[in-house]
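What follows is a short report on a single structure.
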Amino acid sequence: MTVQHDVKDLDLATGGRYRIQWAENEMPVLRAIMERFEKEKPLKGMRVSMCMHVTTETANLVRTLQAGGADIVLCASNPLSTQDDVAAALVSHYEVPVYAIKGEDNATYYDHIKAALDHQGNLIMDDGADLVSTIHKDRRELIEHIVGGTEETTTGVVRLRAMAQDGALTFPMLSINDSNTKHMFDNRYGTGQSTLDGVIRATNILLAGRTLVVAGYGWCSRGIAQRAQGLGANVIVTEIDPLRALEAVMDGFRVMSMEEAARIGDIFITATGNINVLDDRHFPKMKHGAIVANSGHFNVEINLSQLRQMSKGEPRLVRPFVEEYIVNGRAIYVLGEGRLINLAAAEGHPAAVMDMSFANQALGAEYMVKFGKELAPNVYNVPEDIDREIARLKLETMGVQIDKLTNEQQHYMTQWQEGT
Ligand code: ADE
């Protein structure tokens, strides 16, 4: 009997399964954890409500948690990020109830969140904090069964910290994003590559010689800036933080206000986590043919309702994921409805980098099951020894050797008498 689900088409399952296996080849750290989980069953008896991008990489995380004994339901963490073949494969081949359809409307998105919550998870696995926020707003009866949870992304962690600050959070949450083996690699190299992959797949434009404006210089946006520069774009960075702006300047980027950049950019990519980064004061200044995309978690960084009001007529879909708006007679092209372009028009971060993020998720889940009951409601980091062990394992799987401190060096680092 097929498990309950709401996915696009179960006939896509075979292709999805092959792609899940392809991703697994690039996820050796997670595979090692899966093998240990298989034997030790650290998640036995745990019900997991999971809200994440439904991708081949997430499927391998699901399989790892299942190997650990967890009973899982998965819903999408974004209306446009679902890979329908993966959703089908999880239902048909791995018996996971999945609620996710690429292109679902907002009402369906929240119906799917509801279905994941109806599972009454003891463990919450979130990406953007929509599950945790919905539990606290509308489903408070679920709270007493929850030992804790994990949160994948910067935006979600910002929301959770706001909840904790307000005294609203009622169970402990682990910030996966704050692990070094997550944000230093996933946010920077993952977002860097996959965002440009999304822009290129959507438009097929040449980046060399183009002026590309990146809004923000956090871990994600700096990855985008670096990779765009590598492809020959002239990169401009905009920032609100003086320290980050200074870093961008010294990394060799031009830094200026968005008002100024709006006039000269050919391509704009937002990754700030904030709202209306591209707004009504910017659109009329843009060149004819400007391309606008977002790589932040929510579709709030480009003020699309303003753009729609300012533009002549309805937007025209000129290619998949490319909508043309006309402002003052000039075309502005919005990619992927302003949703995260790396998952809307491409496949998200490559598996090799999600390997570390999801190793943090799997080990974070194990940690929460062991210690969640002892922790006060707050946002916690993944313990440092887990973070370092993931780095060590990743290097090992890459065949990279590193040095060990000699006894003499170890001693030297603990004394203070020796100087000049
Ligand atoms: N976030 C960014 N890329 C992702 C991927 N490939 N799978 C799941 N979540 C992601």
Side-chain angles (χ1 to χ4, degrees), residues 16 19-27 29-31 48 50-65 72 74-87 89-90 94 96 98-100 102 112 116 125-131 150-157 175-179 181-199 201 218-221 223-224 227 269-271 273 293-299 336 339-362 364-365:
R19 291 203 317 111
I20 292 167
Q21 287 164 351
W22 176 263
E24 187 195 338
N25 294 334
E26 292 278 304
M27 303 181 90
V29 178
L30 192 63
R31 197 166 52 233
V48 183
M50 194 169 170
C51 176
M52 304 202 87
H53 302 298
V54 180
T55 64
T56 55
E57 293 75 25
T58 300
N60 282 301
L61 173 61
V62 168
R63 292 175 59 209
T64 305
L65 302 175
I72 300 166
L74 173 65
C75 71
S77 61
N78 187 287
L80 258 193
S81 64
T82 298
Q83 297 172 6
D84 290 316
D85 58 342
V86 171
L90 281 170
Y94 302 101
V96 180
V98 178
Y99 297 86
K102 189 174 178 97
H112 288 166
M125 211 168 251
D126 225 347
D127 186 337
D130 277 345
L131 279 187
T150 61
E151 166 55 51
E152 172 77 4
T153 202
T154 319
T155 295
V157 171
S175 162
I176 301 302
N177 190 65
D178 279 299
S179 288
T181 46
K182 200 278 187 179
H183 65 261
M184 285 173 64
F185 304 95
D186 168 318
N187 300 25
R188 181 168 37 176
Y189 305 116
T191 309
Q193 178 169 322
S194 65
T195 299
L196 295 176
D197 187 14
V199 170
R201 287 200 211 188
W219 287 101
C220 293
S221 25
I224 299 169
R227 291 303 182 251
I269 304 176
T270 56
N294 167 51
S295 198
H297 185 82
F298 288 120
N299 60 334
R339 298 195 189 276
L340 20 73
I341 193 61
N342 59 339
L343 282 141
E347 292 170 62
H349 305 349
V353 86
M354 295 312 293
D355 189 25
M356 286 188 280
S357 308
F358 287 167
N360 275 285
Q361 283 282 8

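Every number for a ligand or one of its atoms is a count from 1 in the order of the listing. It should be emphasised that the depicted structure is a prediction, and the values quoted were computed from it without experimental measurement. In this chain, residues are counted from 1 in sequence order.
Looking only at atom types and distance, the side chain of Asn78 has no donor-acceptor partner in the side chain of Ser81 under 3.5 Å away. In this model, a donor atom of one side chain and an acceptor atom of the other lie less than 3.5 Å apart for Glu152 and Gln361. For the 3.5 Å distance criterion, the side chains of His53 and Thr58 fail to qualify, holding no donor opposite an acceptor.
Counting heavy-atom neighbours within 6.0 Å of Gln193 CD, excluding the residue itself, gives a total of 12 or less.
Protein heavy atom nearest atom 6 (N) of ligand 1, with residue, atom name and distance: Glu57 OE1, 2.9 Å. Looking only at heavy atoms of the protein, atom 7 (N) of ligand 1 is closest to Thr55 OG1, 2.7 Å. Closest protein heavy atom to atom 3 (N) of ligand 1: His349 N, 2.8 Å. His53 CD2, 3.7 Å is the protein heavy atom nearest to atom 1 (N) of ligand 1.
Residues passing the side chain to side chain contact (heavy atoms under 4.5 Å, CB included) test with Glu26, sequence neighbours excluded: Ala351, Ala352. Under the rule for a side-chain hydrogen bond (donor to acceptor under 3.5 Å, both in side chains), Ser221 has no partner lying at least two apart in sequence or in another chain.
In summary, the atoms of ligand 1 found under 4.0 Å from a heavy atom of Phe358, numbered by their order in the structure, are 8 (C). Taking a cut-off of under 4.0 Å to the non-hydrogen atoms of Thr58, the atoms of ligand 1 that pass are 7 (N), 8 (C).
In Leu343, the part holding a heavy atom less than 4.0 Å from any atom of ligand 1 is the side chain. Contacts of Met354 with ligand 1, taken as heavy-atom pairs under 4.0 Å, involve the side chain alone.
In terms of polar-atom proximity, defined here as any N/O pair under 3.5 Å, Asn342 makes no such contact with ligand 1.
Residue contact check for ligand 1: Glu347 places a non-hydrogen atom closer than 4.0 Å to it.
Using a 4.0 Å cut-off between charged nitrogen and carboxylate oxygen, Arg201 and Asp197 count as a salt-bridge pair.
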